[in-house]
Colleague: 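Structure below; questions to follow.
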Amino acid sequence: SSHGCLVLFRSVQMAALVKRPHVYRQVTAISSSPMHLDMAARMRPCFPFCSYRSPLKYNLKFAARAFATGMLWSVGSAFGQNAEPAYEEEVTLDVFEVSGTRANLAKSRDFKKASRIISDTIVAEDMANFPDLNLAESLQRLPGVAINREAGEGRRVSLRGLGPDFTRVQLNGMEVLGNDDSPQDSRGQRSRDRAFDFNIFASELFNRLEVRKSFDASQNEGGLAGTIGLVTAKPFDYGEGVNAAISAQLGTNSYTEDLQPRTAFQISNTWDDTFGVLLSVAYSTRDTDEQGTNTYRWRPASNAQGSDISGLPAADQTAISTGQLRFARGNRQSSWQSHQERLGVTSAIQWKPNEHIEFTFDIMHGEFTGERDEIHLASRGANSSSWLGGGTTVAGVVYPDSAINEIRYNTDGDVIYLDVSGGNHASETRRQLAENAFDQYLLTTNWRINDDLKAQFLIGTETSNFDVPISDKFY
């Protein structure tokens with residue numbers, strides 16, 4: 001019977017070497033005596049990947065030569081002496097580090113647990129590896145956050161149902177202002193507002209985003225909806241020594257059919273956890289072509305504006321003639337072509353002379369350039385309607401007013417369908433170049449006076465320049 005058990009484990013070794021699944025899925029001993037069952041009970045701590053029953057069975061979950069060799073050695077020890085095998089030896093690891101998505105979620109959870117207010121935090125997965133195209137895209141993952149989009153990516157953020165103007169944005173603890181131009185701004189972003197455009201900065205430059213939805217005594221006033229904190233990477237975030245990362249992406253889309261690069265580089269060095277320097281650079285270009293239909297400026301029409309409505313039912317003629325209906329001021333087939341170029345540079349220097357005080361000096365520079373061309377084919381009716389009226393004379397040729405063949409409207413009097421003959425059309429074109437440059441210099445001091453008292457000192461300056469050197473419209 002002892003010989004039978006030895007044959008069993010030699011068979012296991014052979015199965016591991018030749019990797020025959022039908023051999024090592026389940027191996028059964030040829031004896032079920034009490035002695036062998038006792039031996040199996042002694043051996044079970046050595047082989048957590050095996051289980052035994054009566055008759056003795058081993059369900060092998062792993063097949064590897066190293067495991068099989070270890071099993072032979074353990075069996076020989078069991079037969080040679082009654083001493084316990086040396087599996088109780090402990091191994092101490094100098095460093096056991098978890099990184100990637102799991103570490104990212106753990107850090108976000110720890111920030112949320114440590115906060116005294118209602119807040120959420122997003123942490124970068126690794127150096128220069130923040131999710132999504134930009135910061136707004138990442139923030140929309142959090143509850144209570146909504147964004148609007150520009151050229152296919154997030155632009156502005158709304159918190160708790162209030163608009164972007166009610167959200168305060170801080171960059172490394174300092175209030176920040178930055179605007180760019182958008183097709184959503186019908187007449188251009190000529191004047192600044194309180195909202196912040198998150199597509200100015202590349203997401204790879206940042207290490208953490210914080211959304212604070214309630215308030216405590218440490219916060220300044222200024223954000224009725226809440227506060228969003230943007231935190232750039234720091235050298236102490238990545239441990240001692242040299243750490244570097246580089247990322248590159250290449251994209252395209254079906255309308256533009258071109259190549260759009262996106263690159264980022266970051267390097268840091270820390271000496272004895274007392275002094276560190278970091279530099280990061282991100283650059284990207286992006287082309288988009290958005291096509292679709294749109295309506296705007298719904299207004300009531302006082303009458304038919306000269307259009308022929310004699311072919312309509314009497315009730316519809318009365319509704320139009322008495323001003324009961326509202327018509328869209330314009331209906332357009334549109335194409336928005338956009339070229340965006342974005343450059344971001346950050347640098348951070350940290351000095352920690354002792355365990356109680358830490359100095360951080362941050363520098364950030366950002367550039368965002370947007371070129372846009374718009375082409376529209378639009379209806380041109382009279383006064384407040386897109387299709388009523390519209391008669392005109394061009395080069396001595398008289399074009400009569402339109403004829404309404406069929407009309408549909410909802411219970412609120414909004415016209416939702418028109419069948420028109422002889423409607424007037426017009427083209428609209430627009431080209432624009434918008435440039436934004438942002439700079440920030442910031443010195444922050446964190447001082448832990450004692451276990452119950454700490455202080456933070458912050459001094460800095462920032463500038464945000466927005467310019468529209470080209471803005472041509474032809475309607």
Side-chain angles (χ1 to χ4, degrees), residues 97-105 107-108 122-141 147 149-155 171-172 178 180 197-209 230-239 241-270 276-290 337-348 362-372 435-440:
E97 182 178 356
V98 178
S99 61
T101 303
R102 185 181 294 271
N104 172 12
L105 297 176
K107 291 178 183 178
S108 300
I122 302 177
V123 181
E125 294 183 4
D126 206 341
M127 293 183 67
N129 187 20
F130 213 92
D132 303 304
L133 291 173
N134 63 25
L135 302 178
E137 298 279 347
S138 298
L139 287 169
Q140 72 168 340
R141 301 169 180 266
I147 67 172
R149 296 182 179 276
E150 149 66 12
E153 63 177 288
R155 181 188 178 201
L171 176 58
N172 292 322
D180 59 25
D197 293 332
F198 286 84
N199 55 350
I200 294 177
F201 300 127
S203 61
E204 292 90 345
L205 301 175
F206 295 85
N207 190 44
R208 189 171 76 249
L209 301 182
L230 314 178
V231 183
T232 57
K234 306 292 190 292
F236 286 172
D237 295 337
Y238 305 108
V242 178
N243 295 276
I246 185 170
S247 66
Q249 302 178 30
L250 198 62
T252 186
N253 60 66
S254 58
Y255 282 163
T256 59
E257 297 181 351
D258 61 343
L259 298 179
Q260 304 169 14
R262 179 185 180 96
T263 60
F265 172 74
Q266 187 176 110
I267 185 171
S268 69
N269 195 5
T270 304
V277 179
L278 179 142
L279 174 68
S280 62
V281 181
Y283 174 81
S284 65
T285 62
R286 191 164 182 262
D287 293 324
T288 61
D289 187 350
E290 301 175 82
Q337 299 170 356
S338 174
H339 173 77
Q340 298 176 347
E341 186 172 358
R342 180 164 42 209
L343 171 67
V345 181
T346 68
S347 180
D362 289 294
I363 302 174
M364 183 166 190
H365 173 75
E367 296 179 6
F368 184 86
T369 301
E371 301 178 30
R372 189 171 74 252
E435 300 173 338
N436 182 287
F438 179 90
D439 292 283
Q440 184 190 72

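We use all heavy atoms of the structure for the numbers below, so side chains are in, but hydrogens, waters and symmetry mates are not. All figures in this text were calculated on a predicted structure; none of them were measured in a lab. Along the sequence shown, the residues carry numbers beginning at 1.
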Colleague: Rounded to the nearest 0.5 Å, what separates atom CD in E290 from atom CG in N253?
Modeller: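 It is 10.0 Å, given to the nearest 0.5 Å.
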Colleague: At their closest point, which heavy atom of G154 faces which heavy atom of R149, and how far apart are they?
Modeller: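 So the minimum-distance heavy-atom pair works out to N-NH1, 4.0 Å.
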Colleague: Parallel, tilted or perpendicular: which describes the rings of F201 and F438, with under 30° parallel and over 60° perpendicular?
Modeller: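 Perpendicular, since the angle between the ring planes exceeds 60°.
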Colleague: For the residue pair S268 and L278, what are the closest heavy atoms and their distance?
Modeller: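 Closest heavy-atom pair between S268 and L278: CB-CD1, 3.8 Å.
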Colleague: Below 4.5 Å, heavy atoms only, C-beta onward: do S203 and L135 meet side chain to side chain?
Modeller: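 Touching, per the 4.5 Å side-chain cut-off.
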Colleague: Side chain to side chain contact (heavy atoms under 4.5 Å, CB included) for L209 and F198? Distances and angles first, verdict last.
Modeller: CA-CA 12 Å; L209 301 182; F198 286 84; over 6 Å; no
Colleague: Tell me if a side-chain donor or acceptor on S247 pairs with a main-chain N or O of T263 at a distance below 3.5 Å.
Modeller: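 Checking the backbone N and O of T263 against the side chain of S247, no donor-acceptor pair under 3.5 Å is found.
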Colleague: Show the nearest heavy-atom pair for residues E137 and Q140, with the distance to one decimal.
Modeller: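 Heavy atoms only, the tightest pair is O-CG, 3.0 Å.
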Colleague: Measure the CG-OG1 distance between N207 and T232 for me, rounded to the nearest 0.5 Å.
Modeller: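 Spacing of CG (N207) from OG1 (T232) equals 8.5 Å.
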Colleague: Side-chain contact test, heavy atoms from C-beta onward, threshold under 4.5 Å: evaluate it for E204 versus R262 and give yes or no.
Modeller: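 Answer yes - side chains close enough.
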Colleague: Measuring from Q266:CD to N243:CG, what's the distance to the nearest 0.5 Å?
Modeller: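 The distance works out to 9.0 Å.
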Colleague: Rounded to the nearest 0.5 Å, how far does CD of Q340 lie from CD of E371?
Modeller: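 E371 atom CD to Q340 atom CD measures 10.5 Å (nearest 0.5 Å).
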Colleague: Checking L171 against F206 for the side chain to side chain contact (heavy atoms under 4.5 Å, CB included) test, could you report, in this order, the C-alpha distance in whole Å, the side-chain angles of both residues, the deciding distance, and whether it holds?
Modeller: CA-CA 10 Å; L171 176 58; F206 295 85; 3.5 Å; yes
Colleague: Between CZ of R155 and CG of D197, what distance do you get to the nearest 0.5 Å?
Modeller: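 That separation rounds to 4.0 Å.
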Colleague: Under the side chain to side chain contact (heavy atoms under 4.5 Å, CB included) rule, collect the residues that match up with N269, sequence neighbours excluded.
Modeller: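 Once residues adjacent in sequence are excluded, the partners of N269 under the side chain to side chain contact (heavy atoms under 4.5 Å, CB included) criterion are V242, W271.
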Colleague: Under the side chain to side chain contact (heavy atoms under 4.5 Å, CB included) rule, collect the residues that match up with T285, sequence neighbours excluded.
Modeller: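 T285: side chain to side chain contact (heavy atoms under 4.5 Å, CB included) contacts with P261, Y283, H339, E341.
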Colleague: Working to the nearest 0.5 angstrom, can you tell me the gap between F236 CZ and T270 OG1?
Modeller: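 Rounded to the nearest 0.5 Å, the CZ-OG1 separation comes out at 6.0 Å.
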Colleague: On a heavy-atom basis, which atom in A233 and which in A348 lie closest, and how many Å separate them?
Modeller: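 Smallest heavy-atom distance, with atoms named: O-CB, 3.9 Å.
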Colleague: With sequence neighbours left out, write down each residue that passes side chain to side chain contact (heavy atoms under 4.5 Å, CB included) with Q337, or none if nothing qualifies.
Modeller: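 For Q337, the residues satisfying side chain to side chain contact (heavy atoms under 4.5 Å, CB included) (neighbours in sequence not counted) are D289, S335, D373.
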Colleague: If you define the side chain from C-beta out and look only at heavy atoms, does anything of L230 sit under 4.5 Å from N172?
Modeller: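 With C-beta onward as the side chain, the pair stays apart.
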Colleague: Do you know which of N199, N436, T369 makes side-chain contact (heavy atoms from CB on, under 4.5 Å) with R342?
Modeller: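 Passing option: N199.
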Colleague: Kindly give the heavy-atom pair with the smallest separation between V345 and L205, and that separation in Å.
Modeller: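 Nearest heavy atoms, V345 then L205: N-CD1, 4.3 Å.
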Colleague: My understanding is that only residues two or more places apart in sequence, or in another chain, count here; which of them pass side chain to side chain donor-acceptor pair (under 3.5 Å) with S280?
Modeller: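 By the side chain to side chain donor-acceptor pair (under 3.5 Å) rule, S280 matches T346.
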Colleague: How close do Q260 and T252 get, heavy atom to heavy atom, and via which atoms?
Modeller: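 Where Q260 meets T252 most closely, the heavy atoms are NE2-CA, 4.3 Å.
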